[in-house]
Undergrad: 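Sharing a structure, written as structure tokens. Questions coming.
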Amino acid sequence: MEERTTLNRQLAQMLKGGVIMDVTTPEQARIAEAAGACAVMALERIPADIRAAGGVSRMSDPKMIRGIQEAVTIPVMAKCRIGHFAEAQILEAIEIDYIDESEVLSPADDVYHIDKRKFRVPFVCGAKDLGEALRRINEGATMIRTKGEPGTGDIIQAVRHMRLMQSEIRRLVSLEDDELYEAAKQLRVPYDLVRFVHENGKLPVVNFAAGGVATPADAALMMQLGAEGVFVGSGIFKSGNPEKRAQAIVKAVTNYDNPAVLAQLSEDLGEAMVGINESEIQLLMAERGL
Amino acid sequence: MKIAILALQGAFAEHEQMFRQLGAETTLIRNLADWRNFMSSPFGGMRGWAIPGGESTAMMRIMKDEGLFEPLRQAILDGLPVLGTCAGLIMLDRNHLGVMDLTARRNAYGRQLGSFNTEGEFAGIGRVPMTFIRAPYIEEAGPEVDILARVDGKAVAARQGNMLVTAFHPELTDDTSIHELFLKMVASGN
């Protein structure tokens with residue numbers, strides 16, 4: 001494998017067991033870092049506001065991203081539109097630590113994703129199921145996250161994606177060797193990736209939960225379902241007490257299987273983001289970029 | 001022999017796998033209760049612990065809030081062997097746990113585009129593969145600290161008594177020699 005791909009997968013390994021938080025200002029970035037975030041996602045508007053504002057949503061202003069890079073020492077990620085390789089080139093030019101080729105922004109290409117192998121910076125991509133995850137990995141993604149519905153505070157989709165992916169992984173593990181070729185065909189992915197999952201019982205890259213995480217219990221739920229870490233978008237800075245909620249979610253990811261600790265962490269957090277139920281929204285961002 | 005691995009955040013599973021491969025028992029430390037449990041069980045003195053790679057700011061924050069900071073610091077000062085890789089090196093330096101007489105420079109090679117692989121000479125072992133991920137190096141060290149490896153003139157591994165640190169990630173390679181060296185330190189009681 002390319003040396004760069006390995007190094008980029010390894011950075012994701014360092015983020016495991018951590019929380020990556022959406023921030024829109026250097027001040028929020030500092031709050032996130034102090035609360036124990038393992039990385040921040042720099043963007044102009046958090047998903048809840050993108051959803052409310054409507055219209056075309058694009059890569060953030062590089063100057064704004066640089067302001068956040070200067071404010072913190074932890075890795076800084078930023079989003080580009082699906083298929084928009086020129087936005088990705090710009091993010092690489094400002095030495096972003098990870099690019100999220102994200103369905104949260106308006107897609108730029110309804111057929112092709114970015115050829116991520118052409119880049120030296122790493123990419124994380126969303127996936128609803130195993131086929132999508134392996135297609136993104138084949139294109140060069142070095143980290144995967146669920147495509148839970150962003151900006152809703154509703155965890156149901158992230159749960160659905162993680163459960164589906166884990167059950168498809170278990171199914172691949174159980175197949176006979178000669179059945180793997182057909183599985184590759186059905187999943188529309190290369191045989192080698194199917195073989196890897198069959199032998200190792202996991203994706204070849206780190207897999208995080210994203211979309212709809214609003215409480216410590218949500219984070220713990222996703223970790224128990226097999227996530228290796230958690231992205232929190234609107235859930236923190238749309239809540240009553242961002243600092244306290246951020247710290248609580250960080251500790252919930254560390255102690256995800258310890259209900260006594262989780263009970264303490266869930267106390268007195270102030271108001272959670274109000275959220276919107278999946279059935280109340282018109283735009284399903286997870287349907288972007290399959 | 002039992003190795004406790006700080007499992008607050010980061011690549012603790014990789015250390016766990018490596019130690020198990022070498023035949024050591026492991027346990028994960030997530031909170032004060034885990035730590036007390038580890039320290040109170042008898043292992044014939046053959047006990048060590050490891051701080052993995054990850055984000056040092058995240059680990060420091062949780063460590064302090066969980067009340068782990070002082071007990072860990074005291075255990076090291078009392079001679080408990082410790083291995084720190086990357087973020088682990090930073091956490092053992094003067095500005096964090098303050099147990100090693102050295103100063104780490106964080107993100108010394110820049111952002112992710114500065115991450116790299118190389119191979120270097122490690123004192124007492126020979127050539128070892130070295131993976132640097134947004135890594136620090138040792139900027140300055142006191143007389144008690146033995147520098148064990150240098151890359152481009154910068155100190156990237158060191159030992160001070162019961163403490164062994166690397167700026168790179170031996171847990172990400174197939175080379176077990178640094179973990180073996182640490183297990184020898186544990187077996188000999190320092």
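Throughout, a chain's letter reflects where its sequence line sits, starting with A, and its residues are numbered from 1. Scope of the values below: all heavy atoms of this structure, side chains included, with no hydrogens, waters or symmetry mates.
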Undergrad: Please classify the contact between A7(B) and chain A as side chain, backbone, both or neither, with a heavy-atom cut-off of under 4.5 Å.
TA: backbone
Undergrad: Out of V76(A), V206(A), N8(A), which one racks up the most heavy-atom pairs below 4.5 Å with chain B?
TA: N8(A)
Undergrad: Taking all heavy atoms of A58(B) and all of A37(A), pick out the closest pair and write down the distance.
TA: CB-O, 4.1 Å
Undergrad: Given that the side chain runs from C-beta out, which part of R134(B) has a heavy atom under 4.5 Å from chain A: side chain, backbone, both or neither?
TA: side chain
Undergrad: More than 12 heavy atoms of other residues, nucleotides or ligands under 6.0 Å from CZ of R127(B): yes or no?
TA: yes
Undergrad: Heavy-atom count check: over 12 atoms from other residues, nucleotides or ligands less than 6.0 Å from D257(A) CG?
TA: yes
Undergrad: So, do V121(A) and Q112(B) sit near enough that their side-chain heavy atoms are less than 4.5 Å apart?
TA: no
Undergrad: Hey, does Q13(A) have a side-chain heavy atom less than 4.5 Å from the side chain of E14(B)?
TA: yes
Undergrad: Can you find a pair of side-chain heavy atoms, one from R111(B) and one from P75(A), that are under 4.5 Å apart?
TA: no
Undergrad: Find the one option among I74(A), V261(A), V253(A) whose heavy-atom pairs under 4.5 Å with chain B are most numerous.
TA: I74(A)
Undergrad: Within the side chain of R30(B), is there an N or O that forms a donor-acceptor pair under 3.5 Å with the backbone of T254(A)?
TA: yes
Undergrad: Could you look at Q247(A) and say if it's the side chain, the backbone, both or neither that has a heavy atom under 4.5 Å from chain B?
TA: side chain
Undergrad: Taking atom CD of Q17(B) as the centre, report whether more than 12 heavy atoms of other residues, nucleotides or ligands fall under 6.0 Å from it.
TA: no
Undergrad: Return yes when atom CZ of F85(A) has more than 12 non-hydrogen atoms of other residues, nucleotides or ligands closer than 6.0 Å, and no otherwise.
TA: no
Undergrad: Kindly indicate whether the side chain of M14(A), heavy atoms from C-beta on, has any atom under 4.5 Å from the side chain of L172(B).
TA: yes
Undergrad: Please indicate whether D174(B) has more than 12 foreign heavy atoms, meaning atoms of other residues, nucleotides or ligands, lying under 6.0 Å from its CG.
TA: no
Undergrad: Can you say whether N117(B) sits under 4.5 Å from chain A via the side chain, the backbone, both, or neither, judging by heavy atoms?
TA: both
Undergrad: Heavy-atom distance under 4.5 Å to chain A: side chain of R106(B), backbone, both or neither?
TA: side chain
Undergrad: Rounded to the nearest 0.5 Å, how far does CG of L8(B) lie from CG of N255(A)?
TA: 8.5 Å
Undergrad: For atom CD of E199(A), decide whether the heavy atoms of other residues, nucleotides or ligands shown that lie under 6.0 angstrom number more than 12.
TA: yes
Undergrad: Name the region of T131(B), side chain, backbone, both or neither, that has any atom closer than 4.5 Å to a heavy atom of chain A.
TA: side chain
Undergrad: Tell me, side chain or backbone of Y256(A) under 4.5 Å from chain B's heavy atoms, or both, or neither?
TA: side chain
Undergrad: Quick check on N258(A) against chain B: is it the side chain, the backbone, both or neither that has a heavy atom closer than 4.5 Å?
TA: side chain
Undergrad: Please classify the contact between A35(A) and chain B as side chain, backbone, both or neither, with a heavy-atom cut-off of under 4.5 Å.
TA: backbone
Undergrad: Do E33(A) and E55(B) touch side chain to side chain, with heavy atoms closer than 4.5 Å?
TA: no
Undergrad: If I measure from the heavy atoms of chain B, does K16(A) come under 4.5 Å with its side chain, its backbone, both, or neither?
TA: both
Undergrad: Please classify the contact between L113(B) and chain A as side chain, backbone, both or neither, with a heavy-atom cut-off of under 4.5 Å.
TA: both
Undergrad: For each of E66(B), M59(B), H169(B), Q9(B), tally heavy-atom pairs with chain A at distances under 4.5 Å, and name the one with the top tally.
TA: Q9(B)
